[in-house]
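Before any comments, here is the structure.
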Amino acid sequence: MEIIHVSAECYPVAKAGGLGDVVGALPKYLNEAGHIAKVVMPMYRTKFLNDNDWEVVHKGYTNLGSYWFTYTIIKERTNILGFDLYLVDIFGLLDRTMIYGYEDDAQRFTSFQIAVVDWISSWSHRPDVIHVHDHHAGLIPFMVKYCYRYQHLQNIPTVLTIHNAQYQGWMGWDKSSYIPAWDPWKRGMLDWKEMINPLASGVKCAWKVTTVSHSYLDELRVTANGMEALFEYEKGKCVGILNGIDNIVWDPSTDKYINDHYSVKTVEEGKLKNKKLLCETFDLDINKPLIVFIGRLVGEKGADLLPAAIGDSYYYIGRKMNFLILGSGFPQVEIELEHLKSLSQGDYNFYAGYNESLSHLMYAGSDFILMPSRVEPCGLNQMYAMRYGTVPMVRNTGGLRDTVIDYGEAGGYGIRFNNAIVGDITQSIWRAVELYHDSEKMEEIRKQMMELDFSWESSVKQYIDLYKSL
Ligand code: ADP
């Protein structure tokens with residue numbers, strides 16, 4: 001089968017979170033399974049673009065409403081990622097350094113999608129599946145079905161994967177002319193609550209919809225940022241497929257971002273060496289457990305709870321642990337986390353920003369990773385952490401619920417808590433400190449987690465079965 005993945009992110013080209021990791025891995029494993037999976041994404045001005053070799057494969061001319069533009073499709077020449085990678089360039093819209101966060105994101109991603117469909121419509125053959133990811137590509141199932149000029153594509157099966165339903169790409173109806181002339185009877189297929197909602201449109205128009213864990217799919221019927229009723233209505237075409245992790249990129253015995261490699265046999269010494277480097281770099285105490293947080297500092301991740309939870313832990317439990325936080329997001333949270341640095345007694349630090357190599361060192365060198373998420377569609381951090389022998393402390397939600405069993409239960413290995421509130425987080429920190437001092441149990445859990453299999457193998461099989469069913 002030939003499967004075209006359309007996404008705003010793909011690791012290592014451009015990544016802001018889990019979407020990038022998944023789109024950078026799933027196609028590779030689909031190819032390994034004997035299929036032809038390709039990725040199409042915007043041509044941001046990233047380091048990857050400058051460092052690699054490209055050829056122009058297509059030039060087209062199309063329009064976003066009354067704005068006519070030329071787009072260019074380039075292809076990476078060497079198959080360096082294990083799949084064919086295509087980038088779409090649109091002068092003035094996609095030629096930016098960042099992925100998101102511009103005022104004209106609606107224009108940027110709509111024109112990107114139009115260019116992709118326009119390009120596919122020029123092919124002399126049809127792909128077997130168009131697989132779109134999140135709202136940035138959510139209008140494509142509508143376009144291939146209902147835009148007059150793409151009618152010849154309407155029999156191509158489309159799959160939408162929802163990595164995060166919080167962001168839906170809402171646009172006012174004043175922007176309806178952006179979408180190439182479409183059957184006006186199908187207005188309802190774009191609309192959700194009087195807005196053009198690309199994610200809702202994707203759910204309505206795609207042949208199948210997947211979410212990145214089973215529990216997240218269940219939760220979406222109850223809480224989906226206004227789209228609950230739609231998920232309930234469309235449940236027949238929705239299926240949860242847990243993300244895998246790329247075991248080649250995320251392997252403590254070969255990880256290119258860390259110097260002190262280790263395996264399950266050498267986990268104790270290996271982790272200690274990486275912890276030493278972290279503690280020296282960030283002025284932390286190597287003799288205390290090291291609890292880290294890696295991620296976007298937003299409400300979904302429960303990041304706003306961190307300052308109070310850290311303060312309360314020091315107050316109620318004592319200065320028995322280190323905290324190291326990596327992330328960026330809400331300015332107020334950043335300010336509070338920055339402020340805590342001035343109160344550190346060699347047991348707290350905060351790195352504001354995005355840093356891929358530091359994140360790898362943190363997975364390797366920490367003892368615990370804290371994820372007090374309010375919403376976690378799948379969550380990759382806990383799976384990476386476990387592969388590196390780091391104990392996850394997670395709220396019982398979404399993919400965290402599907403991947404972490406509390407060590408108090410039979411066969412368990414992590415720490416789980418029920419509510420995204422300071423009290424529950426503080427209690428989990430207390431449990432982490434207790435566990436840390438039970439070195440025998442800690443060693444047993446580390447080894448147990450490193451043996452767990454979160455590879456793409458079984459998830460890829462489920463995607464292939466899904467494609468075949470179409
Ligand atoms: P998200 O909701 O952000 O997509 P996921 O758990 O699915 O959450 O994926 C998060 C990915 O982004 C992981 O690979 C994590 O290591 C990475 N990440 C998040 N924030 C940062 C950061 N500040 N620096 C480096 N990597 C980060």
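All values below were derived from every heavy atom in this structure, side-chain atoms included, with hydrogens, water molecules and symmetry-related copies excluded. All residue numbers refer to positions in the sequence shown, counting from 1. Just so we're clear, the structure is a prediction, and the values are computed from it rather than from any experiment. For ligands, and for the atoms within them, numbers begin at 1 and follow the listed sequence.
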Under 4.0 Å from a heavy atom of Asp21: give me the atoms of ligand 1 that qualify, with their elements.
11 (C), 13 (C), 14 (O)

Compute the minimum heavy-atom distance from Gly353 to ligand 1 and say whether it is under 4.0 Å.
yes

Sub-4.0 Å heavy-atom approach of Tyr11 to ligand 1
no

Using a 3.5 Å cut-off on N or O atoms only, is Arg296 in polar contact with ligand 1?
yes

Could you find the nearest protein heavy atom to atom 9 (O) of ligand 1 and give me its residue, atom name and distance?
Gly18 N, 3.0 Å

The protein heavy atom nearest to atom 25 (C) of ligand 1 is Asn355 O, 3.3 Å

If you measure from each non-hydrogen atom of His163 to ligand 1, which part falls under 4.0 Å: side chain, backbone, both or neither?
neither

Please write down residue, atom name and distance for the protein heavy atom closest to atom 16 (O) of ligand 1.
Tyr363 OH, 2.8 Å

Can you tell me if Arg374 uses its side chain to pair, donor with acceptor, with the backbone of Gly299 under 3.5 Å?
yes

In this structure, which one of Lys38, Glu76, Met41 forms a side-chain contact (heavy atoms from CB on, under 4.5 Å) with Tyr86?
Lys38

Could you say whether the N/O atoms of Glu300 and ligand 1 ever approach to under 3.5 Å?
no

Kindly assign one of parallel, tilted or perpendicular to the pair His131 and His133, based on the angle between their ring planes and the thresholds 30° and 60°.
parallel

Check for me whether Lys15 has a heavy atom closer than 4.0 Å to any atom of ligand 1.
yes

Among protein heavy atoms, which sits nearest to atom 22 (C) of ligand 1, and what does the distance come to when rounded to 0.1 Å?
Tyr354 CD1, 3.4 Å

Pairwise side-chain contact, Tyr216 with Asn164, heavy-atom cut-off 4.5 Å (strictly under)
yes

Can you report which non-hydrogen protein atom sits closest to atom 6 (O) of ligand 1, along with the distance?
Leu380 N, 2.9 Å

Hey, is ligand 1 close enough to Glu356 that some N/O pair sits below 3.5 Å?
no

Could you pull out all residues at least two apart from Lys447 that satisfy salt bridge (charged side-chain N to carboxylate O under 4.0 Å, His left out)?
Glu443

Return the orientation label for the Trp456 and Tyr29 ring planes: parallel under 30°, perpendicular over 60°, tilted otherwise.
parallel

List every atom of ligand 1 that sits less than 4.0 Å from any heavy atom of Gly379, numbering the atoms from 1 in the order shown and giving each element.
6 (O)

Among all protein heavy atoms in this structure, tell me which lies nearest to atom 13 (C) of ligand 1, with the distance rounded to 0.1 Å.
Asn381 OD1, 3.3 Å

Please round to the nearest 0.5 Å and tell me the distance separating atom CG of Asp283 and atom CD of Gln345.
11.5 Å

Contact partition for Leu358 relative to ligand 1, non-hydrogen atoms under 4.0 Å
neither

Over 60° means perpendicular and under 30° means parallel, so tell me whether Tyr388 and Trp250 are parallel, tilted or perpendicular.
perpendicular

Backbone or side-chain N or O of Tyr384 under 3.5 Å from ligand 1 N or O:
no

What's the shortest distance from atom 8 (O) of ligand 1 to any protein heavy atom, and which residue and atom give it?
Lys301 NZ, 3.0 Å

Validation row: Trp54, Leu87 side chains within 4.5 angstrom (heavy atoms):
yes

Polar-atom distance check: Trp250 versus ligand 1, any N or O pair below 3.5 Å?
no

Are any side-chain N or O atoms of Asp424 and backbone N or O atoms of Asn419, one a donor and one an acceptor, separated by less than 3.5 Å?
yes

Residue, atom name and distance, where the atom is the protein heavy atom closest to atom 20 (N) of ligand 1:
Gly295 CA, 3.3 Å

Under a 4.0 Å N-O cut-off, is there an ion pair linking Arg431 with Glu434?
no

Could you tell me whether the side chain of Val460 reaches within less than 4.5 Å of the side chain of His35, counting heavy atoms only?
no

